[in-house]
Amino acid sequence: MPPAKTSFVCLPCRASYKQPYPTPARTAGSDQRVCPRCAGTLIHVGSAFASPPRRDTEAWRVLSLLVHAGIRFHKGCCDGPGYRPRTLREVRERMTYARRTGEPIARALVRPELP
């Protein structure tokens, strides 16, 4: 049986790659993945990630905001990664809510509904 794979993305190239999971035996610096297009560092986003089309610049901007906020797309035991915003409007609403209430941005971004 082949090893399980997970998704890695290159934000400047707007490309996603499936590669084997990082091994825990290696140190964090030695398991760096390199983008085959630009030789930049790939970011591990999780196995439940669905890549947007390369031409959809808004979706890639949203993805960039999520990744830089520390949000990934890992599966739970019985379900997917949960809610993730898909549009810049949803991101703006949640970031405004986080500023108003003092809630951490990463938690506000994955909140399915705002009160």
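The first residue in the sequence is number 1, and the count goes up from there.
- Annotation: side-chain contact (heavy atoms from CB on, under 4.5 Å) contacts of V91 (sequence neighbours excluded): V62, L65, P85, M95, L109.
- For T96, the side-chain contact (heavy atoms from CB on, under 4.5 Å) test picks out R99, R100, with sequence neighbours left out.
- Between the CD1 atom in I105 and the CG atom in L66 there is a gap of 11.5 Å [rounded to 0.5 Å].
- The list of ring-ring contact (aromatic ring centres under 6.0 Å, His included) pairs with a residue in residues 46-65, not counting sequence neighbours, reads F49-F73.
- To the nearest 0.5 Å, atoms CD (Q32) and CD1 (I43) are separated by 10.5 Å.
- Closest of all the heavy-atom pairs between C13 and C35 is SG-SG, 3.8 Å.
- You'll find the side chain of C10 stays beyond 4.5 Å of the side chain of R33, heavy atoms only.
- Residues passing the side-chain contact (heavy atoms from CB on, under 4.5 Å) test with S47, sequence neighbours excluded: T6, Y21, K75.
- The hydrophobic cluster containing V34 does not contain V9, counting ILVMFWY residues as joined when their side-chain heavy atoms lie under 4.5 angstrom apart, directly or transitively.
- In this structure P104 satisfies the side-chain contact (heavy atoms from CB on, under 4.5 Å) test together with R107, sequence neighbours excluded.
- For residues 84-93, the pairs satisfying salt bridge (Lys or Arg N to Asp or Glu O under 4.0 Å) are R89-E93, with sequence neighbours left out.
- Alongside Y17, the hydrophobic cluster contains F8, L42 (criterion: ILVMFWY side chains under 4.5 Å).
- We find the NE2-OG distance between H44 and S7 to be 7.5 Å, quoted to the nearest 0.5 Å.
- Every residue two or more places apart in sequence or in another chain was checked for a side-chain hydrogen bond (donor to acceptor under 3.5 Å, both in side chains) with E58, and none qualifies.
- Applying the side-chain hydrogen bond (donor to acceptor under 3.5 Å, both in side chains) test to S64 and every residue at least two apart in sequence or in another chain returns H68.
- Applying the side-chain hydrogen bond (donor to acceptor under 3.5 Å, both in side chains) test to R94 and every residue at least two apart in sequence or in another chain returns Y83.
- Sorted pairs that involve residues 44-56 and meet salt bridge (Lys or Arg N to Asp or Glu O under 4.0 Å), not counting sequence neighbours, are lacking altogether.
- Other members of the cluster containing L114 are Y97, with ILVMFWY side chains joined at under 4.5 Å, either directly or via other members.
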